[in-house]
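By convention in this document, chain letters (A, B, ...) are assigned in the order of the sequence lines, proteins followed by strands, and residues within each chain are numbered from 1.
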4 protein chains.
Amino acid sequence: MPRPKSDVKRSAILEAATRVIVTQGLSAPTAAISKAAEIPNGSLFTYFATKAELFDQLYLELKREQAMAAMEGLRRDAELSAQLFQVWENWMWWGRSFPEKRRAMEQLDASVEITSETRSAAHAAMAGVADLVDRVRAKGHLRKAPLRFVVGIVNSTAETTMEFMDLDPWNAKNYCRAGFDAVWRVLN
Amino acid sequence: MPRPKSDVKRSAILEAATRVIVTQGLSAPTAAISKAAEIPNGSLFTYFATKAELFDQLYLELKREQAMAAMEGLRRDAELSAQLFQVWENWMWWGRSFPEKRRAMEQLDASVEITSETRSAAHAAMAGVADLVDRVRAKGHLRKAPLRFVVGIVNSTAETTMEFMDLDPWNAKNYCRAGFDAVWRVLN
Amino acid sequence: MPRPKSDVKRSAILEAATRVIVTQGLSAPTAAISKAAEIPNGSLFTYFATKAELFDQLYLELKREQAMAAMEGLRRDAELSAQLFQVWENWMWWGRSFPEKRRAMEQLDASVEITSETRSAAHAAMAGVADLVDRVRAKGHLRKAPLRFVVGIVNSTAETTMEFMDLDPWNAKNYCRAGFDAVWRVLN
Amino acid sequence: MPRPKSDVKRSAILEAATRVIVTQGLSAPTAAISKAAEIPNGSLFTYFATKAELFDQLYLELKREQAMAAMEGLRRDAELSAQLFQVWENWMWWGRSFPEKRRAMEQLDASVEITSETRSAAHAAMAGVADLVDRVRAKGHLRKAPLRFVVGIVNSTAETTMEFMDLDPWNAKNYCRAGFDAVWRVLN
DNA sequence: CATGAATGAGCGTTCATTCAT
DNA sequence: GATGAATGAACGCTCATTCAT
C-alpha cells in the first residue's frame with residue numbers, strides 16, 4: 001500500500017523540497033529539506049526511500065499539478081482559439097501563483113537524475129494540453145511536425161513567458177498576452 | 001618563466017568538464033573531470049580556483065562560442081530574413097556539431113551556482129544575435145515587448161529545436177526549418 | 001530520544017585527542033584522533049563541529065580539571081602557607097598523574113587557534129588559585145603588581161616544575177619542594 | 001659549503017617565517033612564508049630543504065640571538081647581582097624590541113617538530129646565562145637543584161615577564177623590575 | 001641557480017542513509 | 001512507526017615538495 005503514513009507530512013516534505021531547491025539547488029542536503037519541512041531528518045526516508053526518489057516524485061507531482069491547472073475548467077465546446085487561450089491563461093496563472101514550483105521544476109527538468117520513466121509519466125500528464133495543441137496546429141505550418149516537437153516549442157515558450165512574468169510582475173499580463181500571440185502564430 | 005600555464009591544458013579541462021557534465025551532471029566529482037582530462041587531480045586547481053569557478057568559466061565559454069558560431073560569416077548586406085536564417089542555421093549547426101556542449105550548457109543554465117555576473121556576461125555575448133532579432137521584430141507583433149523577452153523566446157525555441165535535432169538526427173533539417181518558421185512567425 | 005549523544009564517547013574523543021596531540025602535535029589528523037578513540041571518522045564531528053572546536057573544548061576541559069585538582073580538599077581554615085603548599089602539591093600531583101594532559105595543554109596553550117573566549121574561560125577556572133595567590137602575596141614584594149602577572153609567574157613556574165618531575169621522576173618530590181620554595185619566596 | 005647563496009635571502013625567509021608564525025601559527029603554508037619574504041615559493045627550498053628544517057634553524061637562530069642579546073656587553077668584573085641584572089635587562093629589552101621573535105620562539109618551543117639535537121644546541125647557546133645563574137644560586141636555596149631546572153625556572157619567568165611587557169607596554173619597566181626581583185629571590 | 005607551474009597524497013568536513021532506541 | 005545519533009565513503013581543496021624550463 002503506497003503512502004504508508006501521514007499524507008500531510010509527505011506533502012510538507014515535497015513543499016519544503018521545492019523551496020529548498022529554489023534557493024540551494026539540487027545539491028541541497030536532505031537535512032535542509034527535512035529542516036524546512038520541520039520534521040526530523042530520519043523521517044524523510046520513511047516517506048521517500050532515497051533522495052533521488054524524492055526528486056523524481058516531486059518532479060512528477062509538479063508536472064501533474066501544472067497540467068491539471070492548465071486544463072482546469074476547460075470549456076471543450078468553445079472555439080479552439082478560446083480553448084487554447086484559456087489553457088494558456090491557466091498555465092501562466094499557475095506560474096504566477098507558484099513561482100517556486102516553476103523554478104524547482106526547471107531545475108529538476110535539467111537534472112540527469114530524473115529517470116526516463118518519470119519523464120514519460122510527466123509527458124503523459126500533459127496529454128490534454130498536447131491534444132489541444134494538436135488540434136490547433138492541424139491546419140497550421142507545423143501540421144506535419146511531430147507533435148512532441150510542437151508541444152516542446154509551446155512548452156519552452158510557456159516557461160520563458162512565466163519566467164519573465166516572475167521577473168517583471170508589473171507587466172505580467174503583457175507577457176502573458178505576448179506569449180500567447182507568439183504561440184498562436186507558431187501554431188497557425 | 002618556467003612552465004607557463006598551458007592554454008592547452010585549460011581547454012582540455014573545459015572539454016573534459018563538458019563531457020563529464022553530460023553524463024554525470026553538475027554533481028560530478030572534480031576528480032572525474034581531471035581524470036577525463038588526463039591530468040592529476042590537483043592540477044585542475046592550478047587552472048580554476050574552485051569547482052564553481054570552473055563551471056562559471058565553462059558556461060561563459062560555451063555561451064560565447066555558441067554566439068560566435070551563430071554570427072559566423074554573417075552577410076550584413078543581405079536581407080533581414082536571409083540574415084536571420086543564416087544565423088539560425090549557424091546556430092543549429094553548432095548544436096548539431098557539439099551536442100555535448102549544448103547539453104552541458106543546458107545544465108549550467110539551470111544551476112543556481114552560476115553567478116549573476118557570469119550570466120550578464122553570457123547575455124552580453126549574445127548582443128549580436130539580439131540586435132538582429134531586434135531589427136527583425138521591429139515591425140512585428142512583438143515590436144513593443146522588451147527585447148530581452150523576445151530574445152528569450154527565440155533562445156528557448158532554438159534550444160528546443162536543437163534538442164530534437166539531436167534526438168532525431170534523421171529529421172534534423174526539418175526541425176531546423178520548422179524552428180526557423182516558428183521564430184519567423186513569432187517575430188513578424 | 002533514540003541513541004542520545006553519549007558523554008562517554010565525547011570523553012573518549014577528548015582523551016584520545018590528548019594522547020594523539022602529545023605524540024603527533026596539533027597538526028595530527030582528526031582521523032588519528034578518531035582512530036585512537038576507536039570511533040569512526042565521521043562520528044567525531046557529531047560531538048565537535050570542527051577540529052578547532054575540539055581543541056578549544058579540550059583546552060578548557062584540561063584547564064578546568066587542573067584547577068579543580070589543585071583546589072581539591074583545600075582547608076580554608078589552615079594557615080596561608082599551608083593552603084598554598086596544599087594547592088601546590090595537588091597541582092604537582094595532577095601533573096605527575098596525567099603527564100599527557102599536561103603536555104597536550106602546553107601545546108594548546110601555545111596555539112594561535114584557541115579563541116580568546118576560551119582563554120578567558122580558562123583563566124576564570126583558575127580564579128580559586130588566583131585568589132589564594134593574591135592573599136599570599138598581599139604583604140610580599142609583588143603586592144603591587146597586577147595579579148594576572150603574579151599568577152602568570154606562579155603558573156609558568158608550576159609548568160616548569162611539572163616538566164622536570166616528568167623528565168626525572170626519581171626526583172619528583174625534590175622538584176616539587178624546590179618549586180614551592182621558589183614560588184613562596186617570589187610571593188613573600 | 002653551507003648557505004650556498006645570498007645570505008640576505010636566507011635572512012629574509014627567516015624573518016618572514018617569524019612574522020607568519022606569529023599570525024598564522026606553525027601550520028602556516030610555506031607559500032605564505034615565501035610570499036611574506038617576497039620570494040618565489042620554489043626558492044624557499046633552495047635555502048631550506050624542508051619546512052621542518054626551516055623551523056629548526058629558525059628556532060636555533062632565535063635562541064642564539066636571544067642569548068647573544070642577553071650577554072651583550074656584560075661586565076664580568078662587576079658584582080654578581082649587577083651582572084645578573086644587566087643580563088636580565090638585556091634579555092627583557094630584546095623581548096621588547098622583537099616581540100614577534102619572542103612569540104614565534106614560544107610556538108616553536110612547544111612544537112613536537114623541533115628535533116632534540118636542535119633543542120640541545122639551543123640549550124648550549126644559553127650556556128653563558130646558565131653559568132651566571134649557576135654562580136648566583138651557588139649559596140641560595142636552589143644550590144643543590146640541577147642547574148637545568150634552575151635555568152628552566154629563570155627562563156619561564158623571563159618569558160612570562162616579557163609577555164606581560166608586551167601586553168601592557170606602559171608598565172614594561174615595572175614588569176622588568178618585578179621579574180628580576182622574583183628571579184633574584186628564587187636564586188638566593 | 002632561479003622560478004613558479006605541476007603534482008598527488010592527504011586532510012577536514014559533509015551527507016545520504018542506517019539503525020538503536 | 002518515529003527519531004536523531006551514528007556511520008564511512010566520498011568530496012573539494014590544500015600544500016610541501018619537485019622539476020621543467
Next on the checklist: Using whole Å, what does the distance between atom C1' of nucleotide F:dA6 and atom CG of C:D7 come to?
Outcome noted: 16 Å

Checklist entry - With B:D109, which residues qualify under side chain to side chain contact (heavy atoms under 4.5 Å, CB included), at least two apart? => result B:Y59, B:K63, B:R119, B:E159

Item to check | Between E:dA16 (P) and A:E53 (CD): distance, integer Å | outcome: 15 Å

Next on the checklist: For E:dT7 and B:K9 - does any side-chain N or O of the residue sit under 4.0 Å from the phosphate oxygens OP1/OP2?
Outcome noted: yes

Checklist entry - Does B:D56 have any side chain to side chain donor-acceptor pair (under 3.5 Å) partners at least two apart in sequence or in another chain, and if so, which? => result B:T115, B:T118

Item to check | Atom-pair distance (CZ on A:R10; C1' on F:dG1), nearest Å | outcome: 18 Å

Checklist entry - What are the two closest heavy atoms between B:V22 and B:A104, and how far apart are they? => result CG2-N, 4.0 Å

Next on the checklist: As an exercise, state the distance from OH of C:Y47 to NZ of C:K9, rounded to the nearest 0.5 Å.
Outcome noted: 5.0 Å

Item to check | Qualifying residue for side chain to side chain contact (heavy atoms under 4.5 Å, CB included) with D:Q66, from D:M105, D:E61, D:R102 | outcome: D:M105

Item to check | A:T30 side-chain N/O to E:dA16 phosphate OP1/OP2 under 4.0 Å | outcome: yes

Please tabulate, for the side chains in residues 23-31 of chain A, all donor-acceptor contacts under 3.5 angstrom to protein atoms that are two or more places apart in sequence or on a different chain.
| from | atom 1 | to | atom 2 | distance (Å) |
| --- | --- | --- | --- | --- |
| A:T23 | OG1 | A:R19 | O | 3.4 |
| A:T23 | OG1 | A:V20 | O | 3.2 |

Item to check | Heavy-atom closest contact (D:A37 atom, D:I13 atom, distance) | outcome: CB-CA, 4.0 Å

Item to check | Shortest non-hydrogen contact between C:F45 and C:K51, atoms and distance | outcome: CE2-N, 4.3 Å

Checklist entry - A:T18 side chain to A:L14 main-chain N or O, any donor-acceptor pair under 3.5 Å? => result yes

Checklist outcome for this item: Residues of residues 15-29 of chain D with a heavy atom under 4.0 Å from any atom of DNA chain F, listed by number, are D:A28, D:P29

Checklist outcome for this item: Tightest non-hydrogen contact, residues A:E113 and A:S111, listed as N-OG, 2.9 Å

Next on the checklist: Can you pull out the residues from residues 32-51 of chain B that lie within a 4.0 Å heavy-atom distance of DNA chain F?
Outcome noted: B:N41, B:G42, B:F45, B:T50, B:K51

Item to check | Pairwise distance CG(A:L62) to CD(A:E100) - rounded to 0.5 angstrom | outcome: 11.0 Å

Next on the checklist: If you compare every side-chain N and O of C:K5 against the phosphate oxygens of E:dA20 (OP1, OP2), does one of them come in below 4.0 Å?
Outcome noted: no

Item to check | Base-paired stems in DNA chain E, each at least three Watson-Crick or G-U pairs under 3.5 Å | outcome: E:2-21 with F:2-21

